[in-house]
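All values reported here derive from a predicted model rather than from experimental measurement. Any value given below was found using the heavy atoms of this structure, including those in side chains, with hydrogens, waters and symmetry copies removed.
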Amino acid sequence: MKKLSPFVYFHEPGQTVTEQPVPPPSRDPRLILIASWMDARDVHIAKYIAQYQTIYPTSSVLLVRFVFKESLFESVANTTVEPAFAYLQSKIESGALSAAPTHPEILVGLRLVVAPFVVAFIVSLWVWHNPLSIISGEDILSKNAKTHNDPDFVKQTNRSYIYGKADVMVEWKHVEKHAIDAAAKGFVVRREVFEHSAHVSHMRTDGGRYWKIVTETWEKATKIKGP
């Protein structure tokens, strides 16, 4: 993948290894946006990207890596992802993506989870933004959760939640609550609960089921009229 910044990378299918043009896509996404989990190792991210490229060989891929130290403050986080916005803008200006698509064009793989060593930070956020909320205001995690379920900010055909009851890092009931709230606000939601897979291990536990959810989510998107 080509590097736009330490945290943003992209891949364009362009030519195959034999230098033959890639056949025009049928129903592949024009772009797959992968937002990796916090401080994910490159080797683990690569496994997801490789599978996406296998399933959708004609799709461009945009990777945004999230690093703990770059996510502490909203202003720093915004600066970190700016190259991703610039890339998307260039795709729109070149005609590769539409600014107002009539059909779905982007498949988003979003993983909002945290690594074990971030737990202390999450606890400190809770203390600062709950008992001391009058001083601090709303914490960034709650703000993000609300934004994802705000129809004024988020325009999408459908979404799938993949989560597990054996996950000791992210409480599955919190994920489910967010999914129920999304559905109540008009989003088309699919909930998939893994009974025995640990934190960020759903693909490793049952890859067949995991990727079936991904492909079926995109297939459903192509059949739904966008907002």
*Specify the closest pair of heavy atoms between Pro13 and Pro57, including all atoms of both residues, with the distance to one decimal.*
CB-O, 3.7 Å

*With Asp42, which residues qualify under salt bridge (charged side-chain N to carboxylate O under 4.0 Å, His left out), at least two apart?*
Arg65

*How far apart are the closest heavy atoms of Pro29 and Ser59, and which atoms are they?*
O-OG, 2.5 Å

With a cut-off of 3.5 Å and sequence neighbours excluded, list every side-chain donor-acceptor pair involving residues 83-90.
unit_1 : atom_1 : unit_2 : atom_2 : d
Tyr87  : OH     : Glu12  : OE2    : 2.5
Gln89  : NE2    : Glu93  : OE2    : 3.2
Ser90  : OG     : Tyr87  : O      : 2.5

*Looking at His202 versus Phe194, is the centre-to-centre ring distance below 6.0 Å?*
yes

*asked:* Are the side chains of Arg41 and Ile45 in contact, using a 4.5 Å heavy-atom criterion?
replied: no

*Between the main-chain N or O of Arg27 and the side-chain N or O of Trp218, is there a donor-acceptor pair closer than 3.5 Å?*
yes

*Just how far is it from atom CD1 of Ile32 to atom NE2 of His11, taken to the nearest 0.5 Å?*
9.5 Å

*Is Ser5 reaching over with its side chain to a backbone N or O of Val8, donor-acceptor style, under 3.5 angstrom?*
yes

*With the side chain counted from C-beta on, respond yes when Asn158 and Thr217 share a heavy-atom pair under 4.5 Å apart, and no when they do not.*
yes

_Does any part of the side chain of Asn149, heavy atoms only, come nearer than 4.5 Å to the side chain of Arg159, both counted from C-beta?_
yes

*asked:* So if I apply the side chain to side chain contact (heavy atoms under 4.5 Å, CB included) rule between Leu33 and each of Leu63, Leu107, Val64, which one comes out positive?
replied: Val64

*Got a sec, which residues hit salt bridge (charged side-chain N to carboxylate O under 4.0 Å, His left out) with Arg190, two or more places apart in sequence or on another chain?*
Glu192, Glu216

_List the residues meeting salt bridge (charged side-chain N to carboxylate O under 4.0 Å, His left out) with Lys185, not counting sequence neighbours, and say none if there are none._
Asp181

*Taking the side chain as every heavy atom from C-beta outward, state whether Tyr52 and Ile34 have any pair of such atoms under 4.5 Å apart.*
yes

_Is the shortest side-chain heavy-atom distance between Ile106 and Gln156 below 4.5 Å?_
no

*Pair listing, ring-ring contact (aromatic ring centres under 6.0 Å, His included) test, anchored in residues 168-190, at least two apart*: Tyr161-His178

*State which residues pass salt bridge (charged side-chain N to carboxylate O under 4.0 Å, His left out) with Arg30; sequence neighbours excluded, sorted by chain then number.*
Glu105

*Residue pair Phe153 / His148, side-chain heavy-atom distance below 4.5 Å*: no

